[in-house]
Q: 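Let me give you the structure first, and then I'll get to my questions.
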Amino acid sequence: MSTLIDGLSLGAIYALIALGYTMVYGIAKMLNFAHGDIIMVGAYAVFTTLMMGETVGAKILAIVVSVVVCTALGVLVEKCAYRPLRGASPLAVLITAIGVSYLLQGMSQLIFGAKSHPVDFTIHGSFMGINYSTIVTLVVATIIMIGLTLFVNLTKTGRAMVAVSEDRAAAQLMGVNVNFIIMLTFAIGSALAACASIFYLMQIPTVSPTLGSMPGIKAFTAAVIGGIGSIPGAMIGGVLLGVIEKLALSVPAIAPYTTAIEFSLLIIILLVKPTGLLGKKRREKV
Amino acid sequence: MSNYFKNIKNAFKLKHYVNYIGVGAVLLLFTVLYYVGALNRATPNLLIQIGYSIILAVSLNLVVGLLGELSLGHAGFMCVGAYLGATVANALAGTLPLTLVLIISILAGGVSAAVFGFIVGLPALRLRGDYLAIVTLAFGEIVRNICKNLPFFGGAQGLQSEFYTEYLKAGKRALPLFIPTFIAVLFMLFVVQNLIRSKHGRAITAIRDNEIAAKAMGVNVTYYKLFVFVVSAFFAGVAGVIYTGTTSPIQYSFFSYNYSIEILVMVVLGGMGSIGGSIISAILITYINFALKSMLSGDMAAVKTLVYALILIVMVIYKNAPALKNVREKFNLQNLKEKIMSKVFKVKSSESDIRDDAGEWDEIPTKIITDEVLSTDFNLTTYTPDKPDKNQK
């Protein structure tokens with residue numbers, strides 16, 4: 001039971017990150033490989049803020065700083081690296097994204113060093129054998145996801161986002177500012193990554209320059225399992241992957257092979273259903 | 001004067017052989033230097049590193065430049081080749097001459113990697129682009145995870161490479177490893193360049209440019225996609241076996257996702273689809289790595305990552321940004337060369353009518369999507385004439 005709850009909360013973190021991937025893919029039609037490293041930057045923002053003090057006030061400030069820094073960074077990256085390539089081949093954009101990911105890792109290693117630093121962000125104590133951190137993660141992440149779904153489906157801006165993801169040219173003709181919508185998507189995705197970084201620090205209280213890469217790749221896997229481009233798909237994929245990871249880790253015989261199991265699952269799902277669980281099928285034309 | 005230059009051009013298609021000549025010259029030069037005794041200790045090691053980097057970059061270029069699919073798991077194939085090749089070498093070491101062991105283990109490593117290439121190629125039949133990229137990435141991580149945990153492969157300590165220790169023991173008496181390495185490079189160039197220039201190469205580029213159109217023209221897409229993955233993986237496996245000759249124990253952590261990216265950087269820097277470019281950038285990056293390793297220690301190693309990242313971003317944006325098209329044409333090397341030729345020698349370039357394909361492969365064209373009304377609407381993966389298409393509502 002507690003394994004299942006742990007899995008759900010890890011899954012919620014993956015889902016938050018996966019949402020960033022999937023929204024950017026749906027709207028800008030690109031894989032943002034640097035997304036995982038935005039989590040890392042968020043974690044470092046928390047670390048830097050907490051150096052000033054470890055009171056409750058400082059922690060709240062740290063959350064705000066992390067979200068602001070990540071959002072700004074997401075917008076900046078979009079503007080400098082991805083916008084010049086709008087309309088270029090997808091492979092070119094993908095390789096640039098990999099470059100940005102490298103750049104962020106290199107910069108944080110240069111500033112903070114390659115060593116990992118401890119960050120105390122856990123909420124101590126437990127309720128019926130389940131850590132408070134886990135419960136908080138699960139509840140807050142659920143609220144964020146519900147909020148995001150409502151935002152996309154009910155507000156005018158959200159509907160503009162859906163429109164851009166369905167047909168960019170038509171949306172532009174209907175008066176949607178496509179550049180603004182893409183920028184907004186990056187901002188939202190990065191803010192979600194900042195939230196994920198805080199939940200991540202609650203579970204694993206250290207920061208290092210490569211912190212983002214593994215959760216990034218796994219969340220990406222989750223997004224692809226759920227069907228990249230689909231918001232509910234990312235949530236389902238994330239939770240599925242989190243639960244499977246925790247379940248596999250709880251069995252000693254297969255625990256070392258957890259990563260292999262997760263990625264094999266991805267390959268199997270893609271082979272059975274090439275667009276993921278909830279992905280839309282694109283028809284290819286000559 | 002003008003005829004003279006034209007005749008030279010027509011007599012030797014020098015550029016078809018320039019890669020062999022370059023690599024062969026390097027091999028010859030350093031072999032002589034080695035036996036004269038003018039090489040210091042580090043240089044043969046650097047040469048081996050350069051050799052396997054060239055093999056990795058060119059073989060990845062087959063998938064990325066020629067087939068137009070992004071592979072992020074090239075280090076995974078290298079890992080398979082390294083572990084299985086080293087296992088074979090460990091079993092044989094001491095019983096056979098060292099060079100024979102090398103040849104057998106290279107074949108074993110290459111073939112086993114090729115088998116995995118076939119397995120990874122299977123999803124490639126159903127997936128394209130981003131989805132395939134993530135599958136290759138996943139494959140690399142799976143291989144690494146398994147190699148880390150199988151007790152047979154030495155677990156987290158890594159696999160002891162007898163091969164390396166035998167080489168150390170033999171010292172000057174053995175054939176230095178860089179010579180077989182460069183022979184392997186020449187063999188690979190022979191295979192790859194002839195592949196590109198054959199009808200098979202043209203079929204593969206046709207798939208890259210438009211898969212459905214290629215299929216309609218009778219190209220066997222299944223066969224060629226698997227073929228490219230198998231060939232590419234084979235050479236990555238060979239590179240892996242060569243790697244085992246330089247270090248012991250073999251560490252799973254070497255074959256990480258970051259290493260795959262490093263190979264990709266070589267390919268992108270050299271120009272996708274350009275074999276010569278891949279060779280040059282593999283040499284350059286390996287040398288820079290080698291030089292920086294001693295200069296930058298600890299946290300300053302991040303400078304290397306930063307430089308890579310900037311090169312990657314700037315190169316790709318410069319090469320692909322729609323807004324920079326005019327700038328690109330102005331500073332195009334081909335145009336520049338023609339301009340100089342016409343100014344200095346008053347020669348009108350003959351190359352402009354027959355352009356080498358390789359020159360145009362550094363940009364991968366996107367799919368042409370015509371209007372829905374004009375196109376025939378069919379889905380190749382699920383289309384059956386009897387059943388109505390599920391997607392058509």
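Each chain gets a letter, A, B and so on, in the order the sequences are listed, and its residues count up from 1.
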Q: Testing the basics here: between B:I317 and A:P84, what is the closest heavy-atom pair and its distance to 0.1 Å?
A: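 Closest heavy-atom pair between B:I317 and A:P84: CG2-CB, 4.0 Å.
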Q: Between B:L137, B:I146, B:N258, B:I311, which has the largest tally of heavy atom pairs under 4.5 Å with chain A?
A: B:N258
Q: Under 4.5 Å heavy-atom distance to chain B, tell me which part of A:L270 shows up: side chain, backbone, both or neither.
A: both
Q: Can you tell me how far apart CD (B:E141) and NZ (A:K218) are? Round to the nearest 0.5 Å.
A: 9.0 Å
Q: Just checking A:F33: does its CZ atom have more than 12 heavy atoms from other residues, nucleotides or ligands closer to it than 6.0 angstrom?
A: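 Buried by this count: over 12 neighbours within 6.0 Å.
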Q: Answer with side chain, backbone, both or neither: which region of A:R83 has an atom nearer than 4.5 Å to a non-hydrogen atom of chain B?
A: neither
Q: Are any non-hydrogen side-chain atoms of B:I134 and A:F263 less than 4.5 angstrom apart?
A: no
Q: Minimum heavy-atom separation for A:G99 to B:A309, with atom names?
A: O-CB, 3.2 Å
Q: Could you tell me the separation between the CD atom of A:Q109 and the CG atom of B:L306, rounded to the nearest 0.5 Å?
A: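 CG of B:L306 is found 9.0 Å from CD of A:Q109.
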Q: How many angstroms lie between OG in A:S264 and CZ in B:F139, if you round to the nearest 0.5 Å?
A: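 If I round to the nearest 0.5 Å, the distance is 11.0 Å.
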Q: Roughly how far, to the nearest 0.5 Å, is OH of A:Y257 from CD1 of B:I142?
A: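 Here the interatomic distance stands at 13.0 Å.
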Q: Checking A:L266 against chain B: side chain, backbone, both or neither under 4.5 Å from a heavy atom?
A: side chain
Q: Could you tell me which portion of A:L94 (side chain, backbone, both or neither) has an atom closer than 4.5 angstrom to a non-hydrogen atom of chain B?
A: side chain
Q: Given heavy-atom pairs under 4.5 angstrom as the criterion, report whether the side chain, backbone, both or neither of B:I119 touches chain A.
A: neither
Q: Quick one: which of B:N145, B:L122, B:V143, B:L264 has the most heavy-atom pairs under 4.5 Å with chain A, could you say?
A: B:N145
Q: Decide yes or no on side chain to side chain contact (heavy atoms under 4.5 Å, CB included) for A:I98 and B:L72, but give the supporting numbers first.
A: CA-CA 11 Å; A:I98 291 170; B:L72 298 175; 4.0 Å; yes
Q: Output the option from B:L310, B:I261, B:V268, B:V135 having the highest count of non-hydrogen pairs under 4.5 Å with chain A.
A: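 Among B:L310, B:I261, B:V268, B:V135, the one with the most close pairs to chain A is B:I261.
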